[in-house]
Amino acid sequence: MKKVYLDNVSTTRLTVEVRQAMLPYFDENFGNPSCVHEWGDIAKEGIESARNQVAQLIGGTAEEIIFTGSGTESNNFAIKGLALAHQKKGKHIIISAIEHFSVLHSAKTLGKWGFDVSLVPVDKYGLVDPEDVRRRIRKDTILVSIMHANSEVGTIEPIEHISQITKESEVILHTDAIATAGTIPVNVQKLGVDALSLASNQFYGPKGAGALWLRQGVRINPLIDGGVQEDGRRAGTENVPAIIGSGKAAELAYDSMTTRIEHLVNLRDRLLSEIPSTIDHVVITGHPKHRLPGNASFCIEFIEGEAMLMLLNSKGIAITSGSACTSRALKASHVLIAMSIPHAIAQGSLLFGFGIDNSSEDVDYVLEVLPPIVEKLRQMSPLYSKFLKRGK
Amino acid sequence: MKKVYLDNVSTTRLTVEVRQAMLPYFDENFGNPSCVHEWGDIAKEGIESARNQVAQLIGGTAEEIIFTGSGTESNNFAIKGLALAHQKKGKHIIISAIEHFSVLHSAKTLGKWGFDVSLVPVDKYGLVDPEDVRRRIRKDTILVSIMHANSEVGTIEPIEHISQITKESEVILHTDAIATAGTIPVNVQKLGVDALSLASNQFYGPKGAGALWLRQGVRINPLIDGGVQEDGRRAGTENVPAIIGSGKAAELAYDSMTTRIEHLVNLRDRLLSEIPSTIDHVVITGHPKHRLPGNASFCIEFIEGEAMLMLLNSKGIAITSGSACTSRALKASHVLIAMSIPHAIAQGSLLFGFGIDNSSEDVDYVLEVLPPIVEKLRQMSPLYSKFLKRGK
Amino acid sequence: MAIYSERVMEHFMNPRNVGEIENPDGIGEVGNPICGDMMTFYIKVKDNRLDDVKFKTFGCGAAIAVSSMASEMAKGKTLDEVMKITPELVADELDGLPKQKLHCSNLGAQALHKAIENYRENHKKGKDNDRE
Amino acid sequence: MAIYSERVMEHFMNPRNVGEIENPDGIGEVGNPICGDMMTFYIKVKDNRLDDVKFKTFGCGAAIAVSSMASEMAKGKTLDEVMKITPELVADELDGLPKQKLHCSNLGAQALHKAIENYRENHKKGKDNDRE
Ligand SMILES: Cc1ncc(COP(=O)(O)O)c(C=O)c1O
Ligand SMILES: Cc1ncc(COP(=O)(O)O)c(C=O)c1O
C-alpha cells in the first residue's frame with residue numbers, strides 16, 4: 001500500500017545527514033560534557049558547535065541558547081522562569097487565546113501561584129491584533145507571550161508589531177516559535193523578542209531537543225534545578241546526541257530554507273485550492289496569506305475528524321485533526337473555537353502538514369482517496385441527512 | 001595510546017543492543033506517539049513496551065512509570081511536584097546532606113516558595129541514620145527524600161529502614177535511585193518507597209531518558225505542563241528513541257545483573273585494596289561494605305584532583321573527582337565535607353567508576369600510571385614539602 | 001489503530017446496519033455534535049422483538065463501532081432483552097474500549113433504550129386505545 | 001582539555017622552575033588548600049633583577065600552568081618590572097583562562113609580588129643597617 005506521511009505538524013522524519021551526525025554520539029563519543037577528560041571534551045565540543053548552529057538559525061548568539069528536552073519544556077521554562085524571575089515588578093502576564101497547551105497550561109499554573117493572566121483574542125483567521133495586546137498591558141505586566149505561528153491553522157502572527165508595543169512598555173516578550181523556527185526565516189533581532197522557544201523535531205531533527213533563546217542579560221529562574229549545565233539555567237546531563245542532531249538540523253534548515261519553502265508552498269497551495277473544489281461544504285481554516293508554507297487545514301462539515309483520520313490511515317495516509325475526539329480531553333480545539341468556528345464544524349477538522357519528503361503525487365493521492373471517505377462518513381451522518389432534508 | 005574509561009559514574013556507553021533497538025526510531029519509526037495513524041501507533045507501542053521493561057527493572061507496574069528527560073528532571077519533578085501537591089497537609093520536607101544537586105537545589109527552590117527544609121547528617125562513611133530521619137519528622141512533614149546510593153562515594157543508604165519510619169508517620173518517601181537502578185537490585189516494594197527516580201544513561205542506556213516511578217494513587221503536580229502525554233503528568237512530545245533505549249537497557253540490566261555485579265565487584269575490590277598499598281597517604285571514602293559494586297573512591301593527600309585527572313587523561317584514563325577545582329562553583333564536594341573529611345584532603349578526591357566493559361588489565365594500567373602521577377604532583381606540592389619537613 | 005481492539009476496527013471499517021428506516025416504530029437520538037458524538041437509532045418491532053435496527057452516527061471511530069455493535073446485539077432480541085444491553089456489554093463485545101472512549105458505549109446503549117422507550121410510548125397509546 | 005588553551009596545557013604538562021631555593025632572598029605564599037589552590041614562590045635577587053625563581057603549587061591544572069608561566073615571565077626582570085606583571089598579563093601569555101579559573105592568575109601574580117615585597121622588607125632592613 002502507498003504510504004503518505006502528511007503529519008509533519010506533529011513531528012518530522014530525521015534527514016539522513018542528521019541521523020549520521022548523531023550516530024557517533026551513541027557510540028564512541030558517548031561522554032558526559034561536564035567531565036574533565038577526553039570523552040568529556042569531545043561531547044562538550046559537539047554541543048558547543050551545535051549551539052552555534054542553532055544560534056545562527058535564529059540570528060542569536062551561542063551564549064544565548066539554552067538547550068532543553070522539548071519545545072514544551074522550553075515554553076514552560078520561558079513562561080514560569082521569566083514570570084518568577086520578574087515577579088517583584090508585577091504579577092500580570094498576557095498570552096493569546098490560541099497558544100499551545102504548553103504555554104496555556106504554564107500560564108494556568110502561574111494563575112495558581114498568584115499571577116494574573118490575560119488572554120488576547122484572535123480574529124476569524126486566528127490573527128492577533130497588536131492593539132489588543134497594547135490595551136491589556138498594565139503597570140504590573142511583566143511578560144507577554146504570543147506564538148510566532150499556530151501549527152494547527154498555520155496563521156503567522158505579527159510579532160514585529162507586537163514587539164514594538166512591548167518595547168515601549170518595557171515588558172518582556174516571549175514567542176513560541178516551535179512551528180516556525182527551522183521552517184520559515186526567524187530572526188530574533190527582526191522579531192524584536194526577548195525569548196524564543198524552538199524544537200528540533202519540527203525541522204527534521206530529533207525529538208528530545210528543544211531550545212530556549214534568551215536575550216543576553218534577561219534574568220530567568222531555572223525550571224530544572226541541579227548542576228551547572230547550560231550555565232546553571234537548565235540542569236541535568238545534556239542529551240548530547242539529540243543536541244548534536246538539533247544543531248545539524250538547524251544548519252540544514254538554514255542553508256536550504258528558500259528551496260524548502262518553495263516546495264512546500266506548491267504542495268500546500270494545490271491542496272488548499274483543490275480540496276474545496278472537489279468536496280462540498282469545506283471550510284479552510286487559518287489565514288489565507290500569513291500562513292505556514294506546509295500547512296493546509298480544513299473543516300469538513302457534517303462529519304468527525306478522528307473517523308476521517310482512521311479511514312485515511314487505512315489508505316496509508318497520516319494526518320491529524322483538532323477534533324474533540326482526537327484530543328484526550330474530548331474538547332474541540334481551543335484554537336478553532338477561539339476563531340469562532342462553531343463546535344459542530346470544528347469537529348470536522350483536518351490538518352495536512354507537508355514536509356520536504358512529500359511530492360505532488362501525494363497531493364494526487366489525497367485528492368483520490370479523501371472524497372470517497374468523506375462520502376462514506378456523510379452517508380452515516382445524521383447531521384448530513386438532516387442537512388439534506390432541511391438545509392442547515 | 002591505551003584508552004581506559006573509568007568514569008561510568010558520569011555516564012555509560014550504550015551497549016550495542018540498546019543502540020540497535022533505538023535506530024529504527026530515528027528512521028522509519030519516527031512517528032509521534034500521540035497521533036492517530038500508523039506512525040503514531042508504532043511509536044506508541046514502542047514506548048509502552050519500554051514502560052513495561054522499566055517497570056520490571058524496579059518491581060513496579062507500567063502505569064506507575066512516568067518518563068522524563070533526565071535523572072535531574074525526575075528529581076525536580078518528584079521534590080517539587082510532590083511538595084506542591086501535598087502542601088495543604090504541611091510545608092516541611094526532609095532530605096539528606098549528601099543528596100545530588102538536583103535534589104538539594106530543588107529543595108532550596110522550595111525553600112524560596114515558603115517550604116521548610118531539614119537536612120539529615122551522615123556519618124564518616126556517608127551513611128544516614130534512620131533515627132536521625134525519625135527525629136526530624138514533624139506534624140507538617142509531607143516528604144522525605146533520601147538517595148538510594150551516593151555515586152560519589154558509593155555508599156548505599158538503609159532505605160528499607162527509613163521507609164518503615166515514613167510509613168508509621170504517613171509521610172511520602174522519595175528516593176533518588178539514579179546511582180542504583182539498573183546497577184544493583186532495586187525493588188520499590190521491598191524498599192517501601194512511594195516515588196523513585198532513575199536514569200537510563202547510568203546503566204548503558206541513552207542520555208535524555210529518565211523516569212519517575214510513582215506509586216499508584218500518590219498525587220503529584222506536573223513540573224512540565226502542556227499536553228496529555230504521560231497521563232498528563234509530563235507534557236511534551238515523548239523522546240521516543242531515548243525511551244526505547246531506556247527500556248532495552250532496563251531489560252538487559254535486569255537479565256544480567258548478577259554477572260555484572262560480580263564482574264564490577266572484582267575490579268573495584270582490587271583497586272580499593274591495591275591503591276592504598278601502592279600509594280602512601282591515601283584515604284578510602286565511602287562505606288567499606290554498603291557500597292556500589294563499581295565504585296572505588298579515594299582522597300590522595302597533598303595534591304589536587306583536577307591536576308590528577310588531567311595527567312591521567314594524558315595517559316588515556318578517564319575518571320572524575322569531587323575536588324573544588326573540578327566543580328564550576330569551586331567548592332569542595334558537599335558529600336565529602338558532610339562526611340567530615342577536611343577540605344584540604346577533599347581536594348585530592350578521585351573517583352573510579354567501573355563499567356561492564358572494564359577488565360582487570362584496566363586496573364593494572366591504573367596501578368602502573370597513577371603512582372608516578374601522584375609522585376610528580378607531590379614533588380610540586382608545598383603541602384607535601386611541609387609535611388616532609390614537619391609532619392602533618 | 002493501536003488504541004482500538006481488532007473488533008472495534010472491524011466494526012468501524014465495515015459498520016453493520018447503517019441507514020435509516022422509513023416509518024420506524026421507534027427513534028432514539030442521543031448526544032450532540034458540540035460534545036463530539038451524536039447517534040440516531042431507528043427500530044422496527046415485530047412480535048415484541050427488534051425486527052430491524054438501523055443507525056446514523058456522527059462521531060469518532062469508537063462511536064461508529066459502538067453503533068454497529070449495538071445494532072447487531074439488539075437485532076432479533078425482545079424489547080426487554082434489549083433494555084438489558086448495558087454500555088459495559090457493548091464495550092465487552094468490542095473487546096474493550098480506551099478509557100476516554102467509554103462514553104461512546106454509553107451513547108450506544110442509551111440510543112437503543114431511547115428508541116425502545118419511544119416505541120413503547122407510541123405503542124402504549126395504541127394499547128390504551130385498544131383497551132378503550 | 002577542551003577548557004584550556006594549548007599553552008596552558010603545555011605549561012601544565014611541563015612546568016618550568018618547579019622547586020624550592022635554598023636560602024631564598026624572598027618568599028611569597030598565597031592561597032590555602034581549603035579554597036583549592038596554594039602557591040609558594042621563591043626568588044633569588046641579583047643587581048635588582050630576579051636571578052632565579054622557583055615555585056611549589058598545590059592546585060588545579062590552571063594553577064600549575066599559571067605558576068610556571070609567571071615564573072618564566074619574572075625571571076631576569078627587574079623588581080619593578082616584575083611588580084608590573086598583572087594577572088591579566090599572565091592569563092594573556094597563556095592564551096587565556098576559563099572564566100572560573102581566572103582567580104588562579106590572580107594568585108600567580110600575587111605570589112610573585114609577595115615574594116618581592118618579602119625581599120624588599122629583608123633588604124630594607126639591610127639597607128637601613130647600611131645607613132646606620
Ligand atoms: C506551536 C507549538 N508549540 C509547542 C509545541 C509543543 O512541542 P512538543 O510537544 O514537541 O514539546 C508544538 C508542537 O507541535 C507546537 O506546534
Ligand atoms: C545520585 C544521582 N542523582 C542524580 C543525578 C543526576 O543525573 P543527570 O545529570 O543524568 O540528570 C546523578 C548523576 O550522576 C546521580 O548520580
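Chain A is the first sequence line, chain B the second, and so forth, proteins listed ahead of strands; every chain is numbered from 1.
- Note that NZ of A:K376 is 8.5 Å distant from CD1 of C:I64, once rounded to the nearest 0.5 Å.
- Rounding to the nearest 0.5 Å places OG1 of C:T57 at 13.5 Å from CD1 of A:I303.
- Taking both residues in full, the closest heavy atoms of C:P33 and A:A344 are given as CB-CB, 3.6 Å, listed atom of the first, atom of the second, then distance.
- At distances below 3.5 Å, at least one donor-acceptor pair connects side-chain atoms of C:K56 with backbone N or O atoms of A:Q379.
- Across all their heavy atoms, C:F12 and A:A307 have their closest contact at CZ-O, 3.4 Å.
- Top candidate by heavy-atom pairs under 4.5 Å with chain C, chosen from A:S314, A:S385, A:A346, is A:S385.
- Interface residue C:P15: only side-chain heavy atoms are found under 4.5 Å from chain A.
- In A:K2, the NZ atom is crowded: over 12 heavy atoms of neighbouring residues, nucleotides or ligands sit closer than 6.0 Å.
- Remark: A:K315 NZ is loosely packed, at most 12 non-hydrogen atoms of other residues, nucleotides or ligands lying under 6.0 Å away.
- Here the side chain of A:E306 pairs a donor or acceptor atom with the backbone of C:G61 at under 3.5 angstrom.
- Crowding of A:Y125 atom OH: a count of heavy atoms from other residues, nucleotides or ligands under 6.0 Å not exceeding 12.
- Note that CE of C:M38 is 12.5 Å distant from CD of A:Q347, once rounded to the nearest 0.5 Å.
- Taking all atoms of both residues into account, the shortest heavy-atom contact from C:F58 to A:F302 is CD1-O, 3.1 Å.
- With a threshold of 4.5 angstrom between heavy atoms, C:A63 does not approach chain A through any atom at all.
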